[in-house]
Amino acid sequence: WAAVEEKFGTFLPDMKWINMGGGHHITRQGYDIPRLEKLLNEVNKKYDIQTKQLKDCDKKDKYRIYGEMLNTYGYGAEEGARSLTCENYYTNTEITIPLDPLLSAKDNAKKYFDRYGKLKRTEEALSVQTRETKDEIDHLESIQASLDIALSENDLTEIRQELVDAGYIHKKTKGSRKELKSSPFH
């Protein structure tokens, strides 16, 4: 600022604003800021879906308990029954278990254990995936912050290379593509 005051100090009191440069990276040809923003939005949506699915996995223990209760008390279920009410021996409270009337108590228990197993595997996989997606969001946000403070063409080149290395954009190749000529098979 001292250099500006030294050269233009007499003009400054009459000015409403002054453009100090910067911001050139946003409009630089070939630098696609909207693509980065779109990518960040897509990854955020992916994260939201994963966390919702992970929350749905909280129901897994309910299905395990249903299966265990049916294995213990299933003999009391009437054929074609739509539910079984019994005592949950974990909480000493009454529990009503929905049943598929077309299945036996044993088959209903198997169905609940299968659902429990699927949700357990899903939870394990999603736990890893959500951490990776969150790391990806943090990385993209740091790149976005780097763009906001980039001052030189060299800064932009480094940021672009980071995006290429991470696989978010493709490296531009110089030169023209070779034109393939078709030739007859005979």
Side-chain angles (χ1 to χ4, degrees), residues 25-26 31-150 155-172:
H25 62 277
I26 293 175
Y31 214 87
D32 196 356
I33 300 295
R35 183 191 309 172
L36 180 62
E37 291 171 348
K38 180 182 176 195
L39 182 60
L40 192 54
N41 285 336
E42 288 171 356
V43 175
N44 274 313
K45 285 179 187 176
K46 177 181 170 182
Y47 182 74
D48 291 343
I49 290 169
Q50 288 173 338
T51 53
K52 182 187 176 299
Q53 289 174 332
L54 194 57
K55 189 173 191 260
D56 290 343
C57 291
D58 291 344
K59 300 174 188 172
K60 73 180 183 313
D61 287 326
K62 174 178 80 169
Y63 297 124
R64 179 185 53 82
I65 291 170
Y66 282 178
E68 289 177 3
M69 297 302 126
L70 283 170
N71 279 343
T72 303
Y73 301 112
Y75 64 88
E78 296 177 16
E79 190 174 322
R82 296 192 177 277
S83 65
L84 173 70
T85 301
C86 59
E87 183 180 340
N88 179 342
Y89 47 78
Y90 291 114
T91 61
N92 293 324
T93 59
E94 193 172 88
I95 183 173
T96 301
I97 304 168
L99 300 175
D100 181 340
L102 302 176
L103 300 176
S104 67
K106 182 180 176 182
D107 289 337
N108 271 290
K110 182 183 178 328
K111 181 179 85 171
Y112 283 123
F113 282 129
D114 289 346
R115 193 175 298 169
Y116 164 76
K118 181 178 180 183
L119 288 173
K120 184 178 176 185
R121 289 186 304 276
T122 300
E123 181 179 46
E124 290 167 358
L126 279 173
S127 294
V128 171
Q129 289 174 357
T130 52
R131 273 194 305 274
E132 290 171 351
T133 303
K134 182 65 174 140
D135 290 345
E136 188 175 5
I137 289 169
D138 293 343
H139 185 228
L140 288 170
E141 286 175 345
S142 88
I143 291 171
Q144 191 175 38
S146 296
L147 280 173
D148 291 340
I149 61 172
D155 293 341
L156 294 174
T157 302
E158 288 177 12
I159 292 168
R160 176 173 281 283
Q161 187 58 48
E162 184 177 349
L163 290 167
V164 168
D165 292 345
Y168 293 119
I169 61 173
H170 300 292
K171 186 174 184 175
K172 287 189 175 182

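Only heavy atoms go into these numbers, but all of them, side chains included; no hydrogens, no water, no symmetry mates. Numbers here simply count residues along the sequence, with the first being 1.
There is no side-chain donor-acceptor pair under 3.5 Å between N41 and E37.
When all heavy atoms of Q144 and L36 are compared, the closest pair comes out as CA-CD2, 4.0 Å. Closest of all the heavy-atom pairs between E68 and F113 is N-CZ, 3.4 Å. When every heavy atom of Y116 is checked against every heavy atom of K60, the shortest pair comes out as CD1-O, 3.0 Å. Between A105 and A77, the shortest heavy-atom contact is CB-CB, 4.3 Å. Across all their heavy atoms, C57 and T122 have their closest contact at SG-CG2, 3.8 Å. Across all non-hydrogen atoms, the minimal contact from L84 to L70 is CD2-CD2, 3.6 Å.
Using cut-offs of 30° and 60° for the angle between ring planes, the Y89 and Y73 rings count as tilted.
In terms of modelled atom types and a separation under 3.5 Å, the side chain of R121 and the main chain of G117 share a donor-acceptor contact. Side chain of N108 to main chain of D100: a donor-acceptor pair is present (N/O by atom type, distance under 3.5 Å, no hydrogens or angles).
For the atom pair CZ of R115 and NZ of K118, the computed distance is 9.5 Å after rounding to the nearest 0.5 Å.
In K111, the NZ atom is crowded: over 12 heavy atoms of neighbouring residues, nucleotides or ligands sit closer than 6.0 Å. Shown here is K62, whose NZ atom has more than 12 heavy atoms of other residues, nucleotides or ligands within 6.0 Å.
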